[in-house]
Amino acid sequence: MTDQGSNKTGPARDNELKKEMQGDLKANRAVRVEEQYEPQPSGEDQPLAARQPTGSPAGAPAGMTPQDVIVRSELARHLERSVYPADRDTLLASLRRHQAPDGLTALVSRLPAADTYPNLQGVVTALGLGAERGRG
């Protein structure tokens, strides 16, 4: 059977080249005379990324604490966007469907039953958490 691809060497030569390269690939030292041909580790010349955005403490937007951001993110993760406008019972049902943590369910259960919330920001504001201020 012949090789139909663009391989210029045969299978025997491929195996021979693999054996020759094994030492170079496993070496913990320089394997080339000229440095420019030496393999380089990836990302060595890249700047280190900041773990948190700069600006306010711990990356929280103006008007919010880091804890407010965490609660808002958890609510967004466990509440369906299709439930809005929603009352407290609808929000609790969505949290239960998405197996939200008990602390989050307890927090939402403190909301007034008669009020309707147009979106997540309405829920966050009603809970007394900080609201993100505009960049104006």
Side-chain angles (χ1 to χ4, degrees):
M1 182 184 266
T2 61
D3 188 341
Q4 300 278 327
S6 61
N7 191 350
K8 301 294 184 202
T9 63
R13 179 68 181 141
D14 284 343
N15 288 337
E16 196 175 306
L17 287 171
K18 285 179 191 175
K19 287 179 185 175
E20 288 176 16
M21 292 296 299
Q22 283 300 318
D24 290 349
L25 295 173
K26 293 181 180 179
N28 284 334
R29 57 176 172 69
V31 292
R32 302 278 186 248
V33 174
E34 295 182 40
E35 186 178 342
Q36 66 188 12
Y37 297 119
E38 195 63 36
Q40 298 294 317
S42 61
E44 184 178 87
D45 59 343
Q46 300 298 317
L48 294 175
R51 287 195 148 310
Q52 297 177 354
T54 58
S56 60
M64 298 183 77
T65 67
Q67 185 61 31
D68 292 344
V69 173
I70 291 169
V71 172
R72 183 179 69 176
S73 296
E74 284 297 304
L75 282 169
R77 191 172 130 216
H78 293 290
L79 289 172
E80 301 157 355
R81 289 161 70 185
S82 61
V83 299
Y84 297 105
D87 59 5
R88 181 189 69 188
D89 293 335
T90 305
L91 295 170
L92 288 170
S94 179
L95 289 172
R96 289 184 185 111
R97 271 193 306 276
H98 292 279
Q99 301 171 351
D102 292 337
L104 209 55
T105 305
L107 188 65
V108 171
S109 67
R110 291 189 288 193
L111 291 171
D115 290 353
T116 301
Y117 307 98
N119 53 28
L120 178 64
Q121 189 62 36
V123 174
V124 169
T125 304
L127 289 171
L129 302 174
E132 187 172 358
R133 289 192 297 250
R135 297 183 181 173

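Since we're looking at a predicted model, the values are computed, not measured. Nothing fancy with the numbering, it's 1 onward along the sequence.
With rounding to the nearest 0.5 angstrom, the CD atom of Q67 is 5.0 Å from the CD1 atom of I70. Put simply, CG on L95 and CG on D102 are 11.0 Å apart, with the number rounded to the nearest 0.5 Å. With rounding to the nearest 0.5 angstrom, the CD atom of E20 is 11.5 Å from the CG atom of N15. Atom-to-atom distance recorded for L91:CG and H78:NE2 is 13.5 Å, nearest 0.5 angstrom. Separating the OG atom in S109 from the CZ atom in R88 is a distance of 7.0 Å, to the nearest 0.5 Å.
Of all heavy-atom pairs spanning Y117 and Y84, the tightest one is O-CD2, 3.5 Å. When every heavy atom of L107 is checked against every heavy atom of L127, the shortest pair comes out as O-CD2, 3.4 Å. Closest heavy-atom contact between T105 and L92: O-CD2, 3.5 Å.
Considering only heavy atoms from C-beta on, V108 stays 4.5 Å or farther from L79 through its side chain. Inter-residue side-chain proximity for L104 and R77 is flagged as unmet; no heavy-atom pair is nearer than 4.5 Å.
With hydrophobic clusters built from ILVMFWY side chains whose heavy atoms lie under 4.5 angstrom apart, V71 does not share a cluster with V69.
Counting non-hydrogen atoms of other residues, nucleotides and ligands closer than 6.0 Å to CD of Q99 gives a total of 12 or fewer.
Without hydrogens or angle criteria, S94 side chain to E80 main chain gives a donor-acceptor distance under 3.5 Å.
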Please assess E16 against K19 for the test salt bridge (Lys or Arg N to Asp or Glu O under 4.0 Å), listing each intermediate value before the final yes or no. CA-CA 5 Å; E16 196 175 306; K19 287 179 185 175; over 6 Å; no
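Using modelled atom types, one finds a donor on one side chain and an acceptor on the other under 3.5 Å when comparing T90 with D87.
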